[in-house]
Every structure is written in structure tokens, then in C-alpha cells.
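Atoms considered below: every heavy atom in the structure, side chains included; atoms not considered: hydrogens, waters and symmetry mates.
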Amino acid sequence: MTSPGTRADEEADDLDVEEALALVQENPGPAHRDPRGRGAPVPQHQDDQRHGRADQHRATPWPEARTTAERAARAAARAVRRTPVSVPLDAALGLTLAAPLAALTDLPSFDSSAMDGWAVAGPGPWAVRDEGVLAGHAEAGPLTDGEAVRIATGARIPPDTTAVLRTEHGRTDERGRLHPVREVVHGQDIRPRGQECRSGEQLLPVGTLVTPAVLGLAAAAGYDALTAVPRPRVDVLVLGDELLTAGLPHDGLIRDALGPMLPPWLRALGAEVRTVRRIGDDAEALHRAVTTSDADLIVTTGGTAAGPVDHVHPTLRRIGAELLVDGVKARPGHPMLLARLKDDQHLVGLPGNPLAAVSGLLTLAEPLLRTLAARPAPEPYTLPLRDAVHGHPYDTRLVPVVLRGEGAVPLRYNGPAMLRGIAAADALAVVPPGGARPGQETELLDLPWAAGGIGVCFT
């Protein structure tokens, strides 16, 4: 399905995703600070936090890892100029506009009644016509002075109408004549044609995130489809022989928590999740899955350490991938990684422990997918912690919190293998090395559903 032709569509003919991304970065749109209107901007990380201790293997400091993921996505957008797509309105939620939204008609497209009542001409009292005027019906004949006609909200105003008299502001006498019970002002309760916009007027710029309200505006303005940045394509590879897909854990086997959790979370980050494959601890199966995928991003779960069945690093070496991030100074999630497989293809390796995987998802996958999708970056914000949080000596900690009033309350059950804390959380607190004291302003990463994000609408 395509939308009717517009100047905006013509201007978008030569616009590619990289240019849309550049426009989003130059014009980030409304601030995405604390969505609840609270909190302070995040200060720059101090040098000692950013660089950490030199003896920490080759792990990347947490802020730098996120920046690296964004930079990798921008490089991929430059390498392959992906063409914007025309998407029907019912499939466009969460995408980013790759062409300006220009009105295809005047809004309203005709003079209409703003209220139920009577269309009247000239001064009262008025003789009332027998017929009425309803929304969606043909235009009524002109009124003459001293004449009125019943009219419904949204109906076309008859020619020569002076004003609309609301139902509660009129009364009829014993002869059926209509009298006003308060002063009638010329033009009252009439929505004039073009009151909201004129045909061709730009309503929204390139880089606007498509929300439910944007869909409503686009439909009102005459669109059947929108020109948007395509969703980054993601393949998910679930590793591990110990994982069950149903039933209770038994005999050393555990339920797979990441297979059900990651796809909807990735969709909330703007991705199109094409496949979720369970390939166990099989090096050859992993190699085949990685080398045959044409997704923009491959996400693996588990196998990122150096154990006997941790096959991610050997597979990346075998195919000549470039490791951009090999471990992050973050807890949980330290062994997460980011690799460039091709100019336009990346792999994010998540640890197998559930909360550690969430940490890797928000550290590496979120900035990469957000940038590929040309979504505006949320403005960081801080809130004071209600309670102290113990820190790692030199790594950033990501701790689930709930937001209460003007503060953030750290949650228990925040170990690498636990999901109980994050399941109840509104956000993750970014706790600097050394920990945080009660009342200390701390950066927060909102979760899509807790922030009222559109991602919860994805199916």
C-alpha cells in the first residue's frame, strides 16, 4: 500500500537511512529526560570512572562500551545505504519517519460544527427547518436570515450560517421558534476549514518517532502509509545444552528464560526479530547459524566466557570478525561482547545468566539498535537513591530499582542469575565503582514498558 503523492514523499525519494539518522542526531526532538518530569541531567563521567584500572584485562568501561555500539551502528549505516520503506499505518508504530509528514488536505477539510445544536443565520429568534444535518451526509442547502437547522457535531456547516447555537443554549417557544438563552457570537462553535493546518503544511519532521498520536495525525491528514526507517533485522541464537523449553527444571537442566524474554524486549528496542534458534553447545551449528544469517544484528546467549563449551570467541576468530568490545567493566554482564562480522552486520554476545544478559542487552544492543532505527536517544537523567548500594571496586553496577516519589528504591534479588528484581523494576540504576550512598543522585536507564514506551505495543 502506498500513500497519496505529496511533496514530502517527493523530497524523500533521495533520502536514505543514514541521512535520516543524521537528521535525528542534529534535531533530537522533545527531550526524553525523566518521563515522569523528575530528576536531573546526568553529569559527565569522571576520567577515573571512564578508564577504570589498567589491570582489568581488556574490558571496556561501561560508558565507552555504549558509545562504541552507537559508533558501530553509524558506520554500518554509512557502509550500506538502506532505503526507507513505505509502511501501512497499522504496522508503523515505533518506526522513525524518513520523510516529513505533510498534510494532504486542509484540516478540517470543510467548515464543520463543533457542537450538537442548531446552525443559525442572522439574529434570532429563528424558524427551525424540519430536516437536520448529520455528520457524513451531503451538505445542506443555504440558510436565510432568521432560519435555523438542527446540526450534529462534525456535520458540514450549511452555507450562510452565522453561528452554531449549542443545544443547551437554545429554547423553542410554543410556536416552534428558536430563541437563544445567551448572546450568540458570529462564528461561535464552528470549526473553520484549515483551522489546524493547510494542505502541504509540514506537520512533523524527519526523525519523528511514530507514536499512536502520530498515527492518528497521519490518518487525519490523509495518509494510508508512512515513509519510515526500516526496523533492524535481528536473529537470536540461544546456546546451551542445559536449557529446557517446557516443564520443571530437573536433573541439572534448567528452563530457558532468555528465549521467551529477548524477542519482545528486542522488538521494544525497535528491532524486527526474524528467528529464535536453539542450537545448544554445538560449535559447528553456531558457525553455520552465524555465517548463514543476513540479519543486521545477531544476538547470542551464553558461551561468551572461556569454558570448554564457550564457542562464541572461537567462532568469531574462525570467521575473522573484529571484536569491538570484548568484555565490559560492568556487573552483572562482564563477559558481554560486540563484534563486527561485516561492514553492515554485527553480533552482540550476551552472557547466559538472565540479569547479566539484560545488562548486556541495555549496554550494547540498545544503543546499536536505537541508532540503526534512527530513534532519538533518550536524555539521561538522575534520581537520588533511597538506600545505599554496594559497588564493585572498579566496575559499574546495574541494579534494578523502582521509582517512588522523587527517588529510586534499589531492589533485592539483583544477582546475575536472578530475574525477580528486574521483573518488578521500573529502571536500572547505574551505580559507579565504589557504590552509592543514600540520597546520591544516580543515573537511571528506563525500561521500555515502565517508561510508558510504545514498545509495549509491539506484537
Side-chain angles (χ1 to χ4, degrees), residues 1-13 15 20 23-24 27-30 84-121 132-143 149-167 169 184-229 376 454 457:
M1 183 187 298
T2 57
S3 61
T6 67
R7 287 197 299 273
D9 289 333
E10 292 167 2
E11 292 169 358
D13 286 346
L15 182 72
L23 282 167
V24 172
N27 304 286
V85 292
S86 180
V87 183
L89 293 187
D90 62 3
L93 182 67
L95 297 181
T96 300
L97 293 183
L101 189 74
L104 305 182
T105 181
D106 295 344
L107 285 181
S109 56
F110 51 84
D111 294 344
S112 62
S113 177
M115 301 295 295
D116 293 333
W118 297 268
V120 300
V133 184
L134 300 176
H137 289 240
E139 184 180 46
L143 295 176
V149 64
R150 269 283 185 183
I151 193 166
T153 301
R156 298 183 67 172
I157 294 293
D160 302 323
T161 295
T162 300
V164 169
L165 180 67
R166 300 185 185 190
T167 299
H169 295 166
V184 177
V185 178
H186 190 282
Q188 75 179 26
D189 289 325
I190 294 176
R191 295 177 181 145
R193 176 173 182 163
Q195 181 183 49
E196 186 170 2
C197 66
R198 290 293 183 182
S199 179
E201 183 179 342
Q202 179 174 311
L203 305 176
L204 296 170
V206 169
T208 298
L209 187 67
V210 179
T211 64
V214 170
L215 293 176
L217 177 61
Y223 284 83
D224 300 315
L226 295 174
T227 301
V229 177
I454 57 170
C457 301

For Gln188 and Val164, indicate whether the former's side chain and the latter's backbone hold a donor-acceptor pair under 3.5 Å. yes
Got a donor-acceptor contact below 3.5 angstrom from the Thr161 side chain to the Ala163 backbone? no
Arg166: what forms a side chain to side chain donor-acceptor pair (under 3.5 Å) with it, not counting sequence neighbours? Asp189
Closest non-hydrogen contact found for Val149 with Pro158 is CG1-CG, 4.0 Å
Taking the side chain as every heavy atom from C-beta outward, state whether Arg193 and Arg198 have any pair of such atoms under 4.5 Å apart. yes
Measure from the side-chain N and O atoms of Thr153 to the backbone N and O of Asp116, and report whether any donor-acceptor pair falls under 3.5 Å. yes
Residue pair Leu143 / Ala121: nearest heavy atoms and the distance that separates them: CB-CB, 3.7 Å
State, yes or no, whether a side-chain contact exists between Ile157 and Val133 at a heavy-atom distance under 4.5 Å. no
Shortest non-hydrogen separation from Leu104 to Gly222 and the atoms involved: CD1-O, 3.3 Å
Closest approach of Leu134 to Ala152 (non-hydrogen atoms, all atoms of both residues): CD2-CB, 4.2 Å
Rounded to the nearest 0.5 Å, how far apart are CZ of Arg191 and CG of Asp111? 12.0 Å
Considering residues at least two apart in sequence or located in another chain, which fulfil the side chain to side chain donor-acceptor pair (under 3.5 Å) criterion with Thr167? Arg150
From CG (Leu217) to CG (Leu204), nearest 0.5 Å: 5.5 Å
Can you give me the closest heavy-atom contact between Ala119 and Ile151, atom names plus distance? N-CG2, 3.7 Å
For Val184 and Thr162, what are the C-alpha separation, side-chain angles and deciding distance, and is it a side chain to side chain contact (heavy atoms under 4.5 Å, CB included)? CA-CA 9 Å; Val184 177; Thr162 300; 5.5 Å; no
Those residues that, when tested against Asp160, pass side chain to side chain donor-acceptor pair (under 3.5 Å) (two or more places apart): none
All heavy atoms of Ser112 vs all of Gly154, minimum pair found to be CB-O, 4.0 Å
Using a 3.5 Å distance criterion without hydrogens, assess whether the side chain of Tyr223 forms a donor-acceptor pair with backbone atoms of Ala102. yes
Distance-only donor-acceptor check, side chains Asp106 and Ser199, under 3.5 Å: no
What I'd like to find out is whether the side chain of Leu97 reaches to under 4.5 Å of the side chain of Pro205, using heavy atoms alone. no
So CG of Leu93 and OG1 of Thr211: to nearest 0.5 Å the spacing works out to 7.5 Å
Quick check: do Leu95 and Leu226 have side-chain heavy atoms less than 4.5 Å from each other? no
